[in-house]
Amino acid sequence: QVQLVESGGGLVQPGSSLKLSCAASQSILDYSVMGWFRQAPGKQREGVASISISDTLTHYADSVKDRFTISISKDKNMVYLQMDNLKPEDTAVYYCAADPHYVLLLLRLDPNEYDDWGQGTQVTVAS
């Protein structure tokens, strides 16, 4: 059974940075696309960033563009989310997800397109 394990969450002040990590129990080369999603209390899960494994093409939600960066390490079977200039509205549980099938670019922030999920890591931005 494939496992995705997130780490790196925490409590930070507005304007701070955090780097989330997601470790996959299998080679990420078995996936077509990986992504980061988040869910705030009382809200639906939303896509934050995605990356294609083959060509590392990235895609971001408008709310995080120019602040967040998704990246992968094929050697370490890891996916990362560098989050800069964090805002209180970024507070949520962040999830790593992956899927082995090709996903259209416009759908890569849709959680319904992903089969494998991690358990999530809490990010809280507050002063």
Side-chain angles (χ1 to χ4, degrees):
Q1 184 178 355
V2 174
Q3 283 191 319
L4 299 172
V5 180
E6 302 95 336
S7 61
L11 171 62
V12 296
Q13 293 186 336
S16 299
S17 297
L18 270 179
K19 186 174 184 178
L20 304 183
S21 300
C22 173
S25 62
Q26 69 180 46
S27 172
I28 65 171
L29 297 179
D30 292 339
Y31 291 123
S32 175
V33 61
M34 298 188 76
W36 285 96
F37 295 78
R38 66 187 182 187
Q39 188 166 16
K43 294 188 176 182
Q44 289 188 333
R45 190 169 298 188
E46 62 173 356
V48 173
S50 71
I51 186 165
S52 169
I53 302 304
S54 61
D55 59 10
T56 65
L57 179 66
T58 58
H59 187 46
Y60 296 94
D62 288 343
S63 59
V64 305
K65 204 169 291 183
D66 299 326
R67 298 190 298 122
F68 290 11
T69 304
I70 187 171
S71 62
I72 57 173
S73 170
K74 295 179 181 179
D75 292 341
K76 297 180 180 179
N77 297 319
M78 299 283 291
V79 60
Y80 305 99
L81 186 68
Q82 176 67 43
M83 304 185 294
D84 298 321
N85 190 22
L86 282 161
K87 304 176 180 181
E89 51 263 42
D90 294 319
T91 296
V93 177
Y94 282 72
Y95 298 90
C96 171
D99 199 90
H101 304 102
Y102 175 77
V103 178
L104 292 172
L105 181 62
L106 291 179
L107 295 177
R108 288 181 186 175
L109 298 183
D110 183 348
N112 294 313
E113 296 295 324
Y114 291 77
D115 283 345
D116 296 334
W117 291 84
Q119 82 290 348
T121 185
Q122 177 71 45
V123 173
T124 303
V125 185
S127 54

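Scope of the values below: all heavy atoms of this structure, side chains included, with no hydrogens, waters or symmetry mates.
- Heavy-atom minimum distance, S127 versus P14: N-CD, 3.8 Å.
- Distance check, rounded to the nearest 0.5 Å: NE2 of H59 to CG of L104 gives 11.0 Å.
- A salt bridge is absent between K87 and D90: the closest approach of a Lys/Arg side-chain nitrogen to an acidic carboxylate oxygen does not fall below 4.0 angstrom.
- Note on L107 and W117: same hydrophobic cluster, where clusters join Ile, Leu, Val, Met, Phe, Trp and Tyr whose side-chain heavy atoms are under 4.5 Å apart, directly or indirectly.
- Checking side-chain atoms of Y80 against main-chain N and O of T69 turns up no donor-acceptor pair under 3.5 Å.
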Show which side-chain atoms of residues 15-24 pair as donor or acceptor with protein atoms under 3.5 Å away, not counting sequence neighbours.
{"unit_1": "S16", "atom_1": "OG", "unit_2": "Q13", "atom_2": "O", "d": "2.9"}
{"unit_1": "S17", "atom_1": "OG", "unit_2": "D84", "atom_2": "OD1", "d": "2.8"}

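- The CD1 atom of I28 lies 9.5 Å from the CE atom of M78; values are rounded to the nearest 0.5 Å.
- Side-chain contact check for V64 versus M83: every heavy-atom pair is 4.5 Å or farther apart.
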Verdict with supporting geometry, T121 and S7, side chain to side chain contact (heavy atoms under 4.5 Å, CB included): CA-CA 6 Å; T121 185; S7 61; 5.8 Å; no

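- Cluster annotation: V12 is connected to L81 through the hydrophobic network of ILVMFWY side chains, with a link wherever side-chain heavy atoms come within less than 4.5 Å.
- Pairing each heavy atom of I72 with each of V79, the nearest pair is CG2-CG2, 3.8 Å.
- R67 and S63 get closest at one heavy-atom pair: NH2-O, 2.9 Å.
- Side-chain contact between Y95 and L4 is absent, with no heavy-atom pair separated by less than 4.5 Å.
- Interatomic distance, M34 CE to D116 CG, rounded to the nearest 0.5 Å: 8.5 Å.
- Heavy atoms only, all atoms of each residue included: P111 and L109 are closest at CD-O, 3.4 Å.
- For the pair D99/E113, no side-chain contact is recorded, criterion being any heavy-atom separation below 4.5 Å from C-beta on.
- The shortest side-chain heavy-atom distance between S52 and R108 falls under the 4.5 Å cut-off.
- When every heavy atom of A92 is checked against every heavy atom of A40, the shortest pair comes out as CB-N, 3.8 Å.
- Listed here is the closest heavy atom pair of F37 and G47: CD2-CA, 3.3 Å.
- When side chains are defined from C-beta on, F68 counts as touching L86, because their heavy atoms get closer than 4.5 Å.
- Considering only heavy atoms from C-beta on, S32 stays 4.5 Å or farther from V103 through its side chain.
- Remark: D55 pairs with no residue by the salt bridge (charged side-chain N to carboxylate O under 4.0 Å, His left out) rule, at least two apart or across chains.
- In this structure, C96 and W36 have side chains that are in contact, with non-hydrogen atoms separated by less than 4.5 Å.
- Among residue pairs with one or both ends in residues 26-62, none qualify as disulfide bond (SG atoms under 2.5 Å apart); sequence neighbours excluded.
- Tested against R38, the residues E89, E46, E6 include a single salt bridge (Lys or Arg N to Asp or Glu O under 4.0 Å) partner, E46.
- Two residues are said to be in side-chain contact when any heavy atoms from C-beta on lie closer than 4.5 Å; N77 and Q26 fail this criterion.
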Side chain to side chain contact (heavy atoms under 4.5 Å, CB included) between Y114 and V33, worked out: CA-CA 9 Å; Y114 291 77; V33 61; 3.4 Å; yes

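- A donor-acceptor pair is defined here as one N or O able to donate and one able to accept, closer than 3.5 Å; no such pair exists between the side chain of T58 and the backbone of I51.
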